[in-house]
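This report concerns only the one structure given below.
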Amino acid sequence: MNLRESLNPNQLEAAEHIDGPLLILAGAGSGKTRVLTYRVAQLIDDVGLDPQQILALTFTNKAAKEMRERIDALLGDGRAPNWVGTFHAISTRILRREAENFGLNRYFVIYDGDDQLALIKRVMKELNLSDKQFAPEAIRSYISGAKDQLINPEDYADRGNNYFEQNVSRVYTAYQNALSDNNALDFDDLIMQLVVGFENVPSLLEHYQERFQFINVDEYQDTNHAQYRLINLLAKKYRNLCVVGDDDQSIYAWRGADIKNILEFEKDYPESKVVRLEQNYRSTKAILEVGNTVIKNNKGRTGKELWTENPPGDQVVVIETMDERDEGREVTKKIREEMDLSNRPLRDFTVLYRTNAQSRALEDELRRASMPYVIVGGLRFFERKEVKDILGYLKVIVNPRDSVSFRRIVNTPPRGLGNVSVEKIETFAVAQGLNTIEGLVHSKEAGLTPSATRSAQALGTFLADLAERQETVAASEITEQVIKETSYLRELEIEAARSVEAETRAQNVRELLAAVEEFSERTDPPLVRVFLEEAALVSDFDRWDESVDRVTLMTLHNAKGLEFPFVFIAGMEDGLFPISRAMESQNDLEEERRLFYVGITRARERLYISYANLRRRFGGAMPGIQSRFLSEIPEELVEKLSTVRHPASSWGGGGGDGDSFGYPQAQPQQREASTPFGSLRLAEGKKVRHPVWGDGQIMQINGSGSNMRATIRFGGVTKKVMVKYAALETIK
DNA sequence: CTCTCGCCTGTTTTT
DNA sequence: CAGGCGAGAG
């Protein structure tokens, strides 16, 4: 392995740094994975470190896998470190190993967002909190936020809270107890419990500090406080901590990521070395310049300016389209053109968008054009109803205390065990100190109707039998038995004859079966609980096989860390991107801009950006006004295309109010304004009442959502108002 | 107890 | 438009 030949001077400086903290500020496409892998390989090969002393943390399994493989390839002798994984996977691994020391049961199950919500709803019911008054989803996100901040229920209760938070606090306390009763941890717990555990048991922390003398963290700008703390604890003793990140690509503030972690790294580790990687190896000069100019509009960044020796490349293409279908057609057309022009495979193309819902129209058009595609993300495979149903059985088998899964499966498919019976069984089980399976088996004593008793006992026996055999039998066999016994697949297949959805669901079940079989073949021993672990921690993104030749569709968030020769960013409209909720605060808007930056910098050769003048959402239509971000792109770097017929005079001229991109904006009849008082539908010509100026007529509307401005004539005077602040009401 | 119908409401992003 | 939820019938 020759570092000198493979790396540029800055990369080399980072890769050769051995002792002490290291911060690598790595711009998009600057080869950070390369540096990271070389560094680790070097630590092992040249410095002679035991690979097991190295810990490497990533955010996706895919990134972890890639890193492991690349290190392996460099070393070429199978000595690659074993502790390379996502925060969640590594934490889980330690938690299970040390469960007894942390006061946990090592067979805990992992609850995803769905399970969390189900449990929260139940807890709320027990507390007599109306889910109308307090949205369970909102409570869930508050609790999740608290855990990201390492705030436990007691601390949460002690903070000066408002009324809503006081109720969150009650739920949080009860929810946490319920989790423990269920022997379950939610996603956020995986990190938090480990931190808490380490803090409570110093000897254990010390053990792991000794074990992991060299720690690497990828995407450091995305760490939240709990993750930060975890790293901090582990690295405290030897301070051999290498973090890599890019503050310009921080796009997860909404889930607790704290950009301060990277900005203040040097404060935390004053002796640290800082290396900047600013040479970009990925994109053309044009693309990079577009990215640079856009991101410059953000304040509060460490300030990098990427450069490249790559060719200048083509202008960025901005396409105006009529509506989302037209946009889909246009994207398809451009892909075909590029393919024909330079003989490119489909896998060279990706279409990125802000919200998952946008994939639909794109899919329709791709399908119509018979262009194979794959959607990465969206509703995750392991979160689909039918898949979760089957997994629910497995979860109960592994952990019969899991009442969330128990409730899910006890009457799925219907077996005559309704609410009344289930509650009787549960009350009985709790009173007798039995788990759910035992409760079923002994349900004769629970006071059910005779037919319900029979049903419950049959289910109980079935589950107990599988639970008993789970250590000796492959996960695939257990899953097959569940599917057979419940007739789950058979029912779906019968239904599939007349319903397309049923066919899809049947396929998902078959795919699950295939996944368990694949797992059972490659794992030894192929235990159910290990399979469940994988299912819980593997995202759809990780399952994506990029070697198959097809167009990739995904959200901009999912695209981070990837690159494609041809990138399309669709739905470039105000209110959609930037998303309306983010348009009011500077911070949120800057995060949206970073997201745009991430999108731009995915492209190697060619970047297409499109927007639609009309976008159907829900039932109705929303006018599409081109995104404010478009005006931040220097005109000379842009080639404008449009499928919309314009009067010749409208072209290229500074149309109207100056914030336009040179296109005449669509003038649809109605636009929706969001105001603190709710949404308001306005249209030009409509009459409105203003609290100060009285009645008037709308002459012109600019912007949309919370940014809508209207020009209104009140008698003789014309006023421009910000709809959000004007407290208008419509009148006949 | 189960199923179906119709109403309501909601789309940001995810480990 | 779709998925969730409550009410009411069988």
Side-chain angles (χ1 to χ4, degrees), chain A residues 57-64 85-92 110-114 116-118 121 131-132 135-138 140-141 144 147-148 185-192 219 222-224 226-227 250-257 352-361 376-380 382-385 410-423 448-449 451-452 455 501 536-542 554-560 571 575-583 588 591-592 594-596 598-599 615-622 674 679 705:
Chain A
L57 296 165
T58 63
F59 276 85
T60 65
N61 291 292
K62 203 165 166 21
T86 64
F87 274 93
H88 291 88
I90 296 281
S91 294
T92 306
I110 298 168
Y111 278 0
D112 67 13
D114 259 16
Q116 284 181 48
L117 203 58
K121 282 182 185 166
D131 59 359
K132 298 259 160 32
E137 180 53 46
R140 194 195 64 77
S141 92
S144 179
K147 289 184 176 182
D148 287 344
L185 297 184
D186 64 24
F187 266 125
D188 308 304
D189 275 338
L190 295 177
I191 315 290
M192 179 169 170
E219 308 280 14
D222 287 333
T223 50
N224 63 32
Q227 290 160 335
S250 156
I251 52 173
Y252 285 109
W254 53 272
R255 70 171 194 210
L352 309 178
Y353 37 78
R354 180 64 238 265
T355 66
N356 282 306
Q358 284 167 258
S359 72
R360 189 129 186 180
V376 180
L379 218 209
R380 272 187 290 289
F382 288 111
E383 280 170 20
R384 285 171 208 183
K385 186 186 171 304
V410 66
N411 203 30
T412 310
R415 48 169 74 86
L417 296 173
N419 243 326
V420 180
S421 304
V422 172
E423 265 172 33
L448 311 185
T449 62
S451 74
S455 209
E501 301 92 74
L537 297 176
V538 166
S539 72
D540 230 36
F541 178 79
D542 301 318
M554 66 184 131
T555 62
L556 287 141
H557 281 89
N558 265 326
K560 192 161 68 143
L576 187 59
F577 194 20
I579 201 111
S580 48
R581 282 180 62 174
M583 297 202 298
D588 291 352
E591 178 147 318
E592 294 287 302
R594 288 194 291 271
L595 190 56
F596 185 34
V598 166
R615 188 167 294 271
R616 275 165 279 262
R617 260 178 126 185
F618 307 125
M622 204 187 88
S674 43
S679 74

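To find a chain, count down the sequence lines: A is the first, B the second, and so on, and within it residues start at 1. On a predicted model such as this, the values are computed, not experimentally measured, just so you know.
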(Q) Below 30° counts as parallel, above 60° as perpendicular, anything between as tilted: where do the rings of A:F59 and A:F87 land? (A)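 Geometry flag for A:F87 against A:F59: tilted rings.
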
Check the distance between [N]'s [atom2] and [X]'s [atom1] and give it to me in whole angstrom.
X      : N      : atom1 : atom2 : result
A:N419 : B:dC3  : CG    : C1'   : 15 Å
A:K560 : B:dT15 : NZ    : C1'   : 12 Å
A:M554 : B:dT15 : CE    : P     : 13 Å
A:H557 : B:dT13 : NE2   : P     : 9 Å
A:E383 : C:dG3  : CD    : P     : 15 Å
A:I191 : B:dT14 : CD1   : P     : 18 Å
A:D114 : B:dT15 : CG    : C1'   : 14 Å
A:R360 : C:dC1  : CZ    : P     : 9 Å

Q.
Nearest to the A:H88 side chain among B:dT15, B:dT12, B:dC3, which nucleotide is it?
A.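 Shortest atom-to-atom distance from the side chain points to B:dT15.
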
Q: Measure from the side chain of A:T86, starting at C-beta and using heavy atoms only, and say which of B:dC1, B:dT12, B:dT15 lies closest.
A: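 The answer is B:dT15, which lies nearest to the side chain.
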
Q. With rounding to whole Å, what would you report as the distance between C:dG4 and B:dT13 at their P atoms?
A. 16 Å

Could you tell me whether the phosphate oxygens of [N], OP1 or OP2, come under 4.0 Å of any side-chain nitrogen or oxygen in [X]?
X      : N      : answer
A:R354 : B:dT12 : no
A:T555 : B:dT12 : no
A:N356 : B:dT14 : yes
A:K121 : C:dG4  : no
A:R255 : B:dT12 : no
A:T60  : B:dT15 : no

(Q) Does A:L537 reach a base, just sugar-phosphate, or nothing at all? Heavy atoms under 4.0 Å. (A) nothing

Q. For DNA chain B, whose closest nucleotide is more 5', that of A:N411 or that of A:N558?
A.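 Its nucleotide being nearer the 5' end, the pick is A:N411.
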
Q: Find which nucleotide of DNA chain B each of A:D588 and A:R415 is nearest to by heavy atoms, and output the residue with the more 5' nucleotide.
A: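 The answer here is A:R415.
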
**Q.** Near-parallel close stack of A:F59 and B:dT15 base (under 5.5 Å, under 30°)
**A.**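 No; by the centre-distance and plane-angle rule, A:F59 does not count as stacking on B:dT15.
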
Q. Does A:F187 stack onto the base of B:dT15, taking stacking as ring centres under 5.5 Å apart and planes under 30° apart?
A. yes

Quick check: do [X] and [Y] have side-chain heavy atoms less than 4.5 Å from each other?
X      : Y      : result
A:L185 : A:Y111 : no
A:I251 : A:H557 : yes
A:T86  : A:T58  : yes
A:L537 : A:F187 : yes

**Q.** Salt-bridge present (A:D148, A:R255; N to O < 4.0 Å)
**A.** no

